[in-house]
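First listed ligand is number 1; within each ligand, the first listed atom is number 1.
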Amino acid sequence: MILVDDIEKACKLIKDSTYALALTGAGISTESGIPDFRSPGVGLWGKMDPMEALSTDVLLNNPEKFYREGFKILRGMENAQPNDAHRILAELEDKGYINGVITQNIDNLHHRAGSKKVYEVHGNTRTCHCMRCKSKYEFKELERQVDAGIKVPKCPKCGGMLRPDVVMFGDMMPQDFELALKEAQKSDLLIVIGSSLEVAPVCYIPDMVPHLIIINLMKTPYDKSADVVFHDKAGKVMKEIRDTMENT
Ligand code: NAD
């Protein structure tokens with residue numbers, strides 16, 4: 001049950017903040033039909049081990065296995081559409097209530113919803129690149145080659161191996177992560193939506209921000225230090241926050 005007092009408290013925190021950010025994880029996209037990693041029964045953990053399937057170890061040492069297994073997780077996201085939570089974050093940014101979104105997601109749904117400042121700290125599924133000559137291509141190039149029966153997609157220019165621009169387990173963090181840390185240093189409110197806050201190093205970001213709103217179905221390690229916590233669906237809570245902000 002969502003308490004009116006908690007919604008009002010969250011709205012006040014957002015309105016009083018001078019530099020608010022959202023931090024989103026896989027849970028914001030489950031209502032768009034993309035499973036997360038850790039929800040019991042439905043998460044991807046149960047079906048395969050993403051730490052192995054989406055690792056640099058498999059990508060580099062057994063690329064055929066990567067393109068046979070891990071790649072399926074990535075391409076399962078292409079037809080998903082943004083949901084209310086993604087759309088309301090874009091609206092809050094438009095209205096100047098939040099200053100950007102740091103996302104662990106690779107599903108492109110914040111962009112599709114219209115968010116402008118998005119820090120994709122685990123990369124994206126819009127592009128890929130050649131590991132030899134660094135040429136950039138659309139993600140669709142990988143899909144085209146895999147669908148044509150090619151076991152390991154190759155660079156059309158130099159024949160090097162192509163890889164998605166997704167941060168795999170074992171990869172270095174991208175430049176967006178550095179930018180996200182700089183944003184977090186400036187910020188006085190973080191709205192965490194749909195993240196177990198268990199994946200490092202992103203899980204250290206809430207420690208950098210004085211005020212915290214958490215919207216997550218399951219408990220997180222930061223619940224005790226948050227100003228307000230909602231253990232409910234992201235779309236439902238965000239709609240209540242948006243409606244209350246409009247009417248107060
Ligand atoms: P996570 O899977 O560890 O945690 C997701 C959390 O979201 C869970 O605690 C769950 O209780 C909660 N949740 C699920 N549905 C929800 C809903 N409707 N409303 C509110 N909360 C909900 O996710 P994470 O913290 O993002 O870390 C997992 C890693 O997996 C990240 O690195 C991310 O890149 C990657 N991942 C991304 C996608 C995606 O791009 N959509 C999907 C799966 C995994």
Exercise. Is it true that a side-chain atom of Lys224 and a backbone atom of Pro221 form a donor plus acceptor pair closer than 3.5 Å?
Worked result: no
Does the side chain of Asn83 come under 3.5 Å of the side chain of Ser32 through a donor N or O and an acceptor N or O?
yes
Using 30° and 60° as the class boundaries, would you call the ring planes of His86 and His110 parallel, tilted or perpendicular?
perpendicular
- Val167 near ligand 1 by a heavy-atom separation under 4.0 Å: no
Geometry only, no angles: is Ala234 polar-contacting ligand 1 at N/O separations under 3.5 Å? yes
- request: Find out whether Ile7 and Phe230 are in side-chain contact, i.e. whether some heavy atom of one side chain is under 4.5 Å from a heavy atom of the other.
  value: yes
In ligand 1, the atoms that come under 4.0 Å of a heavy atom of Ser29 are 41 (N)
Q) Would you say the side chain of Arg163 lies within less than 4.5 Å of the side chain of Met168, judging by non-hydrogen atoms? A) yes
Checking heavy atoms under 4.0 Å, the part of Leu217 that sits near ligand 1 is both
In ligand 1, the atoms that come under 4.0 Å of a heavy atom of Asp232 are 19 (N), 20 (C)
Atoms of ligand 1 under 4.0 Å from any heavy atom of Val199, numbered from 1 in the order shown, are 27 (O), 28 (C)
Ligand 1 to Glu31, heavy atom cutoff 4.0 Å, flagged ligand atoms 17 (C), 18 (N), 19 (N)
Ligand 1 atoms nearer than 4.0 angstrom to some heavy atom of Thr30 are 14 (C), 15 (N), 16 (C), 17 (C), 18 (N)
Review point. Would a 4.5 Å heavy-atom cut-off, applied to side chains only, mark Pro164 and Thr125 as touching?
Key: no
Looking only at non-hydrogen atoms, the one of Glu120, Gln104, His110 nearest atom 33 (C) of ligand 1 is Gln104
Note: ligand 1 atoms sitting under 4.0 Å from heavy atoms of Gly194 are 5 (C), 6 (C), 7 (O), 21 (N)
Taking both backbone and side-chain atoms of Pro35, is any N or O found less than 3.5 Å from an N or O belonging to ligand 1?
no
Candidates Leu54, Asn216, Ile214, Thr103; heavy atom nearest atom 6 (C) of ligand 1 found on Asn216
* Asked: Does His122 reach the side chain of Val199, with side-chain heavy atoms less than 4.5 Å apart?
  -> yes
Point to revise | Geometric N/O contact Ala26 with ligand 1, under 3.5 angstrom | key: yes
Using distance alone, with no hydrogens and no angle criterion, decide if Thr18 and Asp188 have a side-chain donor and acceptor under 3.5 Å apart.
yes
**Contact check: Gly25 vs ligand 1, nitrogen or oxygen atoms, below 3.5 angstrom** = no
Checking the N or O distance criterion of under 3.5 Å, is ligand 1 in contact with Ile215? no
Note: His122, heavy atoms under 4.0 Å from ligand 1, region reported as side chain
With heavy-atom distances below 4.5 Å as the criterion, would you say the side chains of His129 and Thr127 are in contact? no
Numbered in order shown, the ligand 1 atoms found under 4.0 Å of a heavy atom of Lys233 are 19 (N)
_Neighbour count above 12 (heavy atom, 6.0 Å) for Lys15 NZ_ = yes
Here the gap from Asn124 atom CG to Asp107 atom CG, rounded to the nearest 0.5 Å, amounts to 10.5 Å
